[in-house]
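Values in this document were obtained by computation on a predicted structure and should not be read as measured data.
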Amino acid sequence: MTNVVALPQHPDMRFSLSVFDQAVALEPNRDRARLVALDVLTNIFPGMPMIRIALHLGFDHPAKASTRLQQAKARDWWDDTRVDHLIGCLVEHQYGERAL
């Protein structure tokens with residue numbers, strides 16, 4: 001995988017890079033963190049195509065991101081708590097303590 005690339009920003013994706021940075025803080029393996037960030041962003045923006053989110057996150061093969069995410073969720077290292085934590089951090093300003 002390559003580093004996160006800066007693409008023309010969709011208004012709703014303005015914090016995609018910060019989501020990736022927060023995912024790296026929880027999961028030091030950058031490939032795994034990218035998958036965690038992908039799951040977070042697809043949960044927050046369900047109407048946005050996963051390929052577009054994968055492009056923002058710098059996936060080498062954005063069209064295969066969905067398959068890679070499903071494979072990751074079947075692995076023993078996957079933990080939905082990381083995803084929930086990041087979503088809570090992102091919506092905290094809107095919901096206060098209820099988000100955490």
Check: If every non-hydrogen atom of R75 is compared with every non-hydrogen atom of Q71, which pair is closest and at what distance?
Finding: CG-O, 3.3 Å
Check: Does D76 have any side-chain hydrogen bond (donor to acceptor under 3.5 Å, both in side chains) partners at least two apart in sequence or in another chain, and if so, which?
Finding: none
Note to self: How close do A65 and A54 get, counting heavy atoms only, and between which atoms?
What the structure shows: CB-CB, 3.6 Å
Item checked: Donor-acceptor under 3.5 Å (R34 side chain, L57 main chain) -> yes
Next item on the list: List the steps and the verdict of side chain to side chain contact (heavy atoms under 4.5 Å, CB included) for F59 and I53.
Entry: CA-CA 9 Å; F59 277 81; I53 296 171; over 6 Å; no
Margin query: So, taking the atom named CG in N43 and the one named CD1 in I87, what distance separates them when rounded to the nearest 0.5 Å?
Written below: 4.5 Å
Next item on the list: Write down the atom of F20, the atom of A37, and the distance for their closest heavy-atom approach.
Entry: CA-CB, 4.0 Å
Notebook entry, point to check: Considering residues at least two apart in sequence or located in another chain, which fulfil the side-chain hydrogen bond (donor to acceptor under 3.5 Å, both in side chains) criterion with K64?
Noted result: none
Check: What distance separates T42 OG1 from M48 CE, expressed to the nearest 0.5 Å?
Finding: 11.0 Å
Item checked: Straight-line distance of D39 CG to Q70 CD, nearest 0.5 Å -> 8.5 Å
Notebook entry, point to check: Looking at L35 and W78, what are the two nearest heavy atoms and their distance?
Noted result: O-CH2, 4.0 Å
Notebook entry, point to check: Got a second to check how far D21's CG is from L86's CG, nearest 0.5 Å?
Noted result: 11.0 Å
Checklist line | Carboxylate-amine/guanidinium contact D80 K73, below 4.0 Å | finding: no
Check: Do the non-hydrogen side-chain atoms of L69 and M50 ever get within less than 4.5 Å of each other?
Finding: yes
Check: Counting distance only, does the side-chain N/O of D79 pair as donor-acceptor with the main-chain N or O of R82 below 3.5 Å?
Finding: no
